[in-house]
Amino acid sequence: MTQARTVAVLVGSLRKDSVSRKLARAFAALAPANLKFDFVEIGGLPHFDQDLESDPPAQWTAFRARIAPADAVLFVTPEFNRSVPGALKNAIDVGSRPYGQSVWNGKPGAVISLSPGGVGGFGANHHLRQSLVFLNVPLLSQEAYVGGAFSLFDDAGELVNESTTDFLRAYAVAFAEWIERIAPAAQARKAA
Ligand code: FNR
């Protein structure tokens, strides 16, 4: 049996009825059983300020401690003004410091972006990928854009669109395979 892997999930939207969160939940439900998803909240993180690093806010420390042991990271995000929502960028910045202690380093990752329109959050997806490449997050190169996102869920928040369901299931399998290619080496490095 494939080893259990923990995937930290960061959702780029803070609102209660977020379609991104619904999509992330649907992805988690469709994924291979060895993937365990830990939804890590980012809304309460104080803005990154390097001056606070000598006595970091408790929320930063808790966030870093939650991401650090995860085997992989998944980002599910809308696009804000053709880029990454500020709260998500802040979370990435918080996790990246102190210098040399980034919690992202070497963790396999995947990005899913979405939009109510047809473009599927392309700008956010690529800006996010740019930061993650800089942070040495080996990304599943297969891209995931979900357009028309408002019409994919029923009133209870369940994914009801068949082709999106099929796409997410296949993407989750690809991500699980990617994690197995990357995570063992990352674990060995940590243990050394
Ligand atoms: C948006 N939205 C948006 N959509 C898009 O496709 N491209 C964009 O650049 C933007 N810009 C943008 C800026 C701001 C400040 C807001 C609030 C919204 C619309 C956005 O995709 C839509 O609100 C999604 O529903 C947000 O995702 P959640 O909150 O449902 O997960």
Side-chain angles (χ1 to χ4, degrees), residues 6-31 35-49 59 62-63 66-67 70 72-96 103-104 107-135 137 139-172 174-175:
T6 306
V7 180
V9 183
L10 277 78
V11 174
S13 168
L14 305 184
R15 73 186 185 100
K16 212 165 32 194
D17 202 31
S18 161
V19 179
S20 311
R21 186 171 294 276
K22 292 176 194 168
L23 196 71
R25 286 211 187 100
F27 179 91
L30 291 164
L35 298 188
K36 312 293 174 201
F37 293 87
D38 181 24
F39 281 69
V40 182
E41 299 305 323
I42 61 173
L45 291 173
H47 285 159
F48 183 75
D49 174 349
Q59 298 97 319
F63 176 76
R66 190 93 168 266
I67 302 288
V73 281
L74 171 70
F75 298 86
V76 184
T77 189
E79 175 174 273
F80 281 2
N81 301 309
R82 283 286 181 266
S83 189
V84 183
L88 181 54
K89 181 59 168 57
N90 183 54
I92 290 168
D93 294 341
V94 168
S96 72
V103 294
W104 312 114
K107 276 191 207 310
V111 174
I112 302 174
S113 61
L114 61 96
S115 70
V119 181
F122 178 91
N125 194 310
H126 277 252
H127 284 181
L128 185 52
R129 281 173 173 271
Q130 183 173 321
S131 292
L132 294 173
V133 166
F134 173 72
L135 291 167
V137 173
L139 285 171
L140 178 62
S141 58
Q142 205 174 318
E143 296 172 305
Y145 307 107
V146 178
F150 284 1
S151 64
L152 305 176
F153 298 88
D154 65 14
D155 291 345
E158 296 300 319
L159 181 62
V160 290
N161 181 283
E162 209 175 316
S163 63
T164 305
T165 302
D166 291 345
F167 172 75
L168 287 183
R169 190 182 289 114
Y171 196 70
F175 188 34

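Counting starts at 1 for both ligands and their atoms, following the listed order.
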>> To the closest 0.5 Å, what do you measure between CG (Leu152) and OG1 (Thr165)?
In response: 8.5 Å
>> Below 30° counts as parallel, above 60° as perpendicular, anything between as tilted: where do the rings of Phe175 and Phe27 land?
In response: tilted
> Would you say the side chain of Leu23 lies within less than 4.5 Å of the side chain of Leu168, judging by non-hydrogen atoms?
Replying inline: yes
>> Please determine whether side chain to side chain donor-acceptor pair (under 3.5 Å) holds for the pair His126 and Glu143, giving the CA-CA distance in whole Å, both sets of side-chain angles, and the decisive distance to 0.1 Å.
In response: CA-CA 10 Å; His126 277 252; Glu143 296 172 305; 2.8 Å; yes
>> For Phe39, is there any backbone N or O sitting under 3.5 Å from a side-chain donor or acceptor partner on Arg66?
In response: yes
> Would a 4.5 Å heavy-atom cut-off, applied to side chains only, mark Leu114 and Ile112 as touching?
Replying inline: no
> So which protein residues pack against ligand 1 under 4.0 Å, heavy atoms counted?
Replying inline: Ser13, Arg15, Ser18, Val19, Ser20, Pro78, Glu79, Phe80, Asn81, Arg82, Ser115, Pro116, Phe150
